[in-house]
Amino acid sequence: MPVLHFIAAIVFIALGSGCAVTQVQTDPSLIALEPAAELSSASGIRAADGSASAKAPPPAAATARPVTPVAARPAATQDAPSPASREVEDSLRAIPTIDLTAVPPDLWDRIRTGFSMPNLSSPLVQDRQIWYASQPSYVKRMVERSKRYLYYIVEELEKRGMPTELALLPMVESAFNPMAYSRSHASGLWQFIPSTGKNYKLQQNSWYDGRRDIVASTSAALDYLQFLYEMHGDWHLALASYNWGENAVARAIEKNRAKGLPTDYLNLTMPTETRYYVPKLQALKNIIANPHSFGVDLEPVPNTPYFVTVEKTQDIDLRLAAKLADMPLAEFLALNPGHNRPVIVANGTPALVLPADRAKIFLANLEGHDQPLVSWQRYTLRPGDKLDRIAAKSGISLARLKEVNGIGRRTKVGPGYQLMLPLKGASLEPLPAMFQPPSAPEMRMAMRKLSYTVQRGDTLPKIAQRYKVGADDLRRWNQIGRLTAGQRLVIQVKQASPAKSTKSAQKKRSPKKKK
């Protein structure tokens, strides 16, 4: 009898006779994460997931006990085992233990495991896959930026039971650039416009913009996405609403319903940007799921917290905070991009965001620092004050004074307005611009459809070359057999997206108030 059949027979007999077959069990206590040594809540450090630790060690392994053979009879009465039974026993002993709580070292594997949205099948998905695969440097920059933020976003998604595809959404929105700023005045990783940011409790003032705060904006974005999913019961429609506005999507659904047409994402009439929005996310999902198939070299991302939050109770210079953490100022700003001025005020944001391996260094250096924490002082404008006179008296140029204090053309400056003025020894150098808004064509791309009438002598390659498109694209856009004179073709050409009007910008992402 073959060994596998023999094993199956033993298990069958054991189950039928009521004999206990040991099953794989996992003790819940083994899954609990222990706080990292010496980083407790007493130190003021909190991990990215909110627990009182800077970096949690991998969970203890829970191992599966191998299936044991049915108990043998006492040796005195037991017949000598046959070669077949010895082979079975040896096979059972060779079954390896299985670690059911093993954490994948690469965060991409964890993200792939959490993919749970329905896949979108559309030629636009293929179009975006080709675009991303043809822009390796662009993809590499996005991935490099994402390493700071991905772990935290994935943790927050898993806590809420949300699809991990959403961790890739900042690639579509901002290319993981927290300083990204759009024509519609959307800002941050998640690209909130001012009105929606306010609806989701993101502070916006001359000192601080919560839309750029990594922790605050992620919480707000996931709240908004949950609201949209509950509204539509469909992730594709929720994403379309995130881009276009839920009221606009609702109107498009009602329009189709009135005509007896399908109301799913692919069948709605929507702007070009929204039409490409979900296909972009699906294309990125497909590439992340199998990068080698697309020729993409996807660098691993450690499946460990990149940053922690450190509570603070005093105002502190941005430069000094970075110095006390013994880290480059540019990296500090990448984790704390919400601040508009050279001083972080204590009553504005309750915590600093620091790399997990810098928190202890920061607290130790802060405790031993015996000099003032700020080199700028607040000054409240009085009646008759002039900015140029204040700048000259403070030893700073008028342009730099305006820059430091976030004063633009439309800023109303008058009595009661608070300025930051330098004290003696303050650095007047501008803060480094860690990021610039993405200028890649992907972020500005829009498509315009043209109608072309085939002429005598035309061939697909000639037409494709004339309009700078691919012959395969022409075939995809049209049902082409043999070209004939007078035949009409649809051609999609790229053009720069027009600037959005103030009216349309206000409509975008303006959620209803929950009742």
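For this chain, numbers begin at 1 and follow the sequence in order.
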task: Grab the two heavy atoms, one from P262 and one from D264, that are nearest each other, plus how far apart they are.
output: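 Heavy atoms of P262 and D264 come nearest at CB-OD1, 3.3 Å.
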Pairwise distance [atom1]([X]) to [atom2]([Y]) - rounded to 0.5 angstrom:
| X | Y | atom1 | atom2 | result |
| --- | --- | --- | --- | --- |
| L281 | Y277 | CG | OH | 7.5 Å |
| S451 | R488 | OG | CZ | 5.0 Å |
| L225 | E230 | CG | CD | 11.0 Å |
| F294 | L284 | CZ | CG | 10.0 Å |
| I214 | N336 | CD1 | CG | 8.5 Å |
| T309 | L354 | OG1 | CG | 9.0 Å |

task: Please indicate whether K147 has more than 12 foreign heavy atoms, meaning atoms of other residues, nucleotides or ligands, lying under 6.0 Å from its NZ.
output: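 Result for NZ/K147: enclosed.
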field: Q465, CD: over 12 other non-hydrogen atoms inside 6.0 angstrom
entry: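 Open: at most 12 neighbouring heavy atoms sit under 6.0 Å from CD of Q465.
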Taking the side chain as everything from C-beta on, heavy atoms only, tell me whether [X] gets closer than 4.5 Å to [Y].
| X | Y | value |
| --- | --- | --- |
| I407 | L419 | yes |
| E299 | K140 | yes |
| S206 | Y417 | yes |
| Y132 | V296 | no |
| R211 | P194 | yes |
| V404 | P342 | yes |
| V353 | V310 | no |
| E173 | L189 | no |

- request: Just jot down the side chain to side chain donor-acceptor pair (under 3.5 Å) partners of S122, sequence neighbours excluded, or say none.
  value: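 Per chain and number, S122 pairs via side chain to side chain donor-acceptor pair (under 3.5 Å) with no residue.
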Electrostatic pair [X]-[Y], nearest N-O below 4.0 angstrom:
| X | Y | result |
| --- | --- | --- |
| R110 | E155 | yes |
| D317 | K323 | no |
| R400 | E403 | yes |

Judged by modelled atom types alone, do [X] and [Y] share a side-chain donor-acceptor pair under 3.5 Å?
| X | Y | value |
| --- | --- | --- |
| T218 | W190 | yes |
| R341 | N405 | yes |
| N365 | R358 | no |
| N243 | T274 | yes |
| Y151 | E156 | no |

Show which side-chain atoms of residues 111-120 pair as donor or acceptor with protein atoms under 3.5 Å away, not counting sequence neighbours.
{"unit_1": "R112", "atom_1": "NE", "unit_2": "I288", "atom_2": "O", "d": "2.7"}
{"unit_1": "R112", "atom_1": "NH1", "unit_2": "D109", "atom_2": "OD1", "d": "2.6"}
{"unit_1": "R112", "atom_1": "NH2", "unit_2": "I288", "atom_2": "O", "d": "3.1"}
{"unit_1": "T113", "atom_1": "OG1", "unit_2": "D109", "atom_2": "O", "d": "2.9"}
{"unit_1": "N119", "atom_1": "OD1", "unit_2": "Q282", "atom_2": "NE2", "d": "3.0"}
{"unit_1": "N119", "atom_1": "OD1", "unit_2": "K285", "atom_2": "NZ", "d": "2.9"}

- prompt: Step by step, would you call V413 with L387 a side-chain contact (heavy atoms from CB on, under 4.5 Å)?
  reply: CA-CA 9 Å; V413 179; L387 289 182; 4.3 Å; yes
message: I want to know whether Y452 and Y467 have ring centres closer than 6.0 Å.
response: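 Yes, the ring centres sit under 6.0 Å apart.
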query: Are the ring centres of Y152 and Y306 closer than 6.0 Å?
result: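 No, the ring of Y152 stays outside the 6.0 Å limit from the ring of Y306, centre to centre.
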field: side-chain contact (heavy atoms from CB on, under 4.5 Å) between W108 and L150, intermediate numbers included
entry: CA-CA 9 Å; W108 294 121; L150 263 180; 3.5 Å; yes
field: Cation over ring face, R378 and W207, 6.0 Å, 45°
entry: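 Positive - R378 is close enough to the ring of W207 and near enough to its axis.
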message: My understanding is that only residues two or more places apart in sequence, or in another chain, count here; which of them pass side chain to side chain contact (heavy atoms under 4.5 Å, CB included) with A238?
response: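 With sequence neighbours excluded, A238 shows a side chain to side chain contact (heavy atoms under 4.5 Å, CB included) to L228, Y229, W235, given in chain and number order.
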- prompt: Which of parallel (below 30°), tilted (30 to 60°) and perpendicular (above 60°) describes Y138 and W131?
  reply: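 Answer is perpendicular, since the angle exceeds 60°.
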message: Treating N340 as the side-chain partner and N205 as the backbone partner, does any N or O pair qualify as donor plus acceptor under 3.5 Å?
response: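 Indeed, once roles are kept as given, a pair shorter than 3.5 Å links the two residues.
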message: Donor-acceptor check, side chain of N303 to backbone of D106, threshold 3.5 angstrom: yes or no?
response: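 Pair absent, no side-chain N/O of N303 close to backbone of D106.
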